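As structure tokens, the structure follows; a few thoughts come after it.
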Amino acid sequence: MTPDPQWWRQAVVYQVYPRSFADSDGNGIGDLRGITSRVPYLRDLGIDAVWLSPFYPSALADGGYDVDDYRNVDPRLGTLADFDELVGALHAAGIRILVDIVANHSSNAHEWFRAALAAAPGAPERNRYIFRDGRGARGELPPNDWPSHFGPSAWTRTTNPDGTPGQWYLHLFAPEQPDLNWDDPEVAADFITTLRFWADRGVDGFRIDAAHLLKKDLSEPYRPVPTIGIVADYPDDGSHPLADRDEVHEIYRSWRRVFDEYTPPRVAVAETAAGPVRRARYAGADELGQAFDFDLLDTPWDAVAFRDTISACLDGARISGSSPTWTLSNHDIVRHASRYALQADTDLNRWLLANGTDPLPDLAQGLRRARAAAMLLLALPGSTYLYQGEELGLPEVADLPAEVLQDPQWFRDAGARKGRDGCRVPIPWEPTGPSFGFGSGGAHLPMPAWFSDYSVERQVGVPTSTLELYRAALRLRRELHAGESLTWDDGTEGVVSFVRDTGWRSITNMGSGPIPLPAGRILLASGPVPGHEVPGETTVWLQRTT
Ligand code: NOJ
């Protein structure tokens, strides 16, 4: 591993969703030993770091983002000793590790929340969460009409130990995820303990869940918040009572002081829905250091739109002094090989509710575009966050039947939103077997027969495979990356093209017809490059010949 404390600026980080990666004990749920067994795969892929989504004890009301105990491992996923072994194996392979910190809410099975329910209104145990009396003659109405991100209300009423109806508590996500009160010093102190606990175990950094939500303004009269838009859609000026409040930055400044106690300093990346300018504060060197740029997730397949989005993210990184963080997929959205197989205006939720049949995706187009987009991102200055399975070109499993769905979005919204399970299906390692090499005991979400064609085993050593494309791109990137700037080429319609610091060029033809291939030696291409043309939906990396 490079001792460079700035390693994260240009890192390729691979997100492992532990329950769906590899299952070592055949209980159908991926586990830490499973991940350890696949470290050689991760090493050969050529990534710099792994980000592990939550592996903590949890009832899985929200895929592990409902944490019962922040300083332990879910027994179904292993033990702390297994965790140490995983860290050791990753480090020995030159791969760093980031873990998820879910600080906006605990689970309702956390000992703090159980103590809060057992305590009387006004007791210190309740002050770690956000409890309020209800409205109406008997407190039968929620304190206000704030919506939860998973719908409908952000408030749930409690039952007192004697069985009578009690106060209400706030949960911006599911009722099993009560929001913590970040004005309580005990909450703040406990998260410092958690950060040190994992940093002391050799963790290199943290991904901060819902980083913009921790501080809330609950002063009365309560202010209205836009419908469902708690996470994605709010004024970008700090005026929202629940999101992106200025006070939240005090928390991250205190965390930075902890990160800097370590050598090299621990790193962090904020998950935030703030726009590029306000996002820069989270990414500042005195706070978390990086923040996710999610803007490409909903950028349509259009050269002008891509270039504008990329420029805005580069500008944001310049403001913060950080580096941009490119990403096309994660565990919360439809996989991009499927998104790019659909018209840009497709309502993805309706498409999922129609089991992926209306409209029918053009998967060949989706894969062509996914490969071209991945190479475009990997050519940019900054770090890139990959999601497990995208290196296989894996599409969304859009036709999961209702009875297997796990996502709280599905349950809370009474079937109006199908949710995110289709991108969380375990990944295929082998072309045969009941769970395609995921584990011997089946998989917690059913894997379709067509996963066989995408399996790792089918792709290793096949030069045209998506896996080999990613491997080649990551290898070359290590050799080519230098500096943190690019120079845009003059716009040819439908083309995103730029030259990197060391003089190599990335050219993406986002149109459908071919364009002339500029001069230079081809280093890598996302698809066939016949003659002197870049075909449509193709990225080519070129070494300039001067
Ligand atoms: C963002 C996580 O990525 C998502 O999966 C989760 O549901 C919410 N935060 C709540 O923790």
Side-chain angles (χ1 to χ4, degrees), residues 13-21 51-68 70 74 98-110 113 129-130 146-151 154 156 170-180 182 191 194 206-214 216 228-234 242-244 248 268-274 279 282 288 290-294 297-298 325 327-335 349 385-388 396 405-413 417-425 445:
V13 183
Y14 181 93
Q15 181 188 357
V16 169
Y17 194 72
R19 290 175 179 80
S20 301
F21 191 67
W51 147 34
L52 274 194
S53 279
F55 50 86
Y56 316 110
S58 167
L60 300 184
D62 182 20
Y65 284 88
D66 45 321
V67 180
D68 298 352
Y70 290 92
D74 189 321
L98 315 185
V99 300
D100 227 303
I101 297 293
V102 189
N104 178 66
H105 44 266
S106 72
S107 81
N108 60 347
H110 192 287
F113 194 69
Y129 294 91
I130 300 168
W146 288 344
S148 135
H149 183 55
F150 294 148
T156 289
L170 182 76
H171 52 86
L172 296 187
F173 295 91
E176 295 87 351
Q177 296 166 294
D179 279 45
L180 288 159
W182 272 88
F191 273 90
T194 294
F206 305 94
R207 177 263 190 195
I208 312 304
D209 188 69
H212 57 306
L213 299 182
L214 274 48
K216 285 123 190 156
I228 211 70
I230 284 171
V231 170
D233 170 25
Y234 53 85
L242 301 175
D244 193 29
V248 82
V269 56
E271 187 216 23
T272 155
R279 185 188 308 158
Y282 299 82
L288 296 173
Q290 254 192 345
F292 278 120
D293 292 316
F294 287 139
L297 298 181
D298 52 11
T325 56
T327 187
L328 291 170
S329 277
N330 61 37
H331 65 295
D332 288 332
I333 46 159
V334 170
R335 285 184 176 275
N349 178 50
Y385 282 75
L386 308 177
Y387 177 51
Q388 67 179 39
E396 183 84 358
L405 296 179
Q406 303 173 6
D407 190 341
Q409 274 183 7
W410 167 254
F411 300 105
R412 296 289 297 161
D413 251 357
R417 279 196 293 168
K418 191 157 177 188
R420 303 158 294 176
D421 293 310
C423 63
R424 299 175 178 181
V425 174
L445 282 168

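In this text the structure is predicted, and so the values were computed from the model without any measurement. Note that ligands are numbered from 1 as they come in the structure, with each ligand's atoms numbered from 1 the same way.
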Between ligand 1 and the protein, find all N/O pairs closer than 3.5 Å and give the distance for each.
from     : atom 1 : to   : atom 2 : distance (Å)
ligand 1 : 3 (O)  : R207 : NH2    : 3.0
ligand 1 : 3 (O)  : H331 : NE2    : 2.8
ligand 1 : 3 (O)  : D332 : OD2    : 2.5
ligand 1 : 5 (O)  : H331 : NE2    : 2.9
ligand 1 : 5 (O)  : D332 : OD1    : 2.7
ligand 1 : 5 (O)  : R420 : NH1    : 3.4
ligand 1 : 7 (O)  : D62  : OD1    : 3.3
ligand 1 : 7 (O)  : D62  : OD2    : 2.6
ligand 1 : 7 (O)  : R420 : NH1    : 3.0
ligand 1 : 9 (N)  : D209 : OD1    : 2.8
ligand 1 : 9 (N)  : D209 : OD2    : 3.2
ligand 1 : 11 (O) : H105 : NE2    : 3.0
ligand 1 : 11 (O) : D209 : OD2    : 2.7

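F294 pairs in a side-chain contact (heavy atoms from CB on, under 4.5 Å) with only one of the listed residues (L328, T327, T325), which is T327.
Remark: aromatic rings of F150 and H171 are distant, center separation not under 6.0 Å.
Scanning for salt bridge (Lys or Arg N to Asp or Glu O under 4.0 Å) contacts around R335 gives an empty result, with sequence neighbours left out. Here D74 pairs with R19, R76, L77 under the side-chain contact (heavy atoms from CB on, under 4.5 Å) rule; sequence neighbours left out. Listed by chain and number, the residues in a side-chain contact (heavy atoms from CB on, under 4.5 Å) with A59 are D66 (sequence neighbours excluded).
Note on ring orientation: taking the six-membered ring where Trp is involved, the planes of F21 and Y14 are perpendicular (angle over 60°, cut-offs 30° and 60°).
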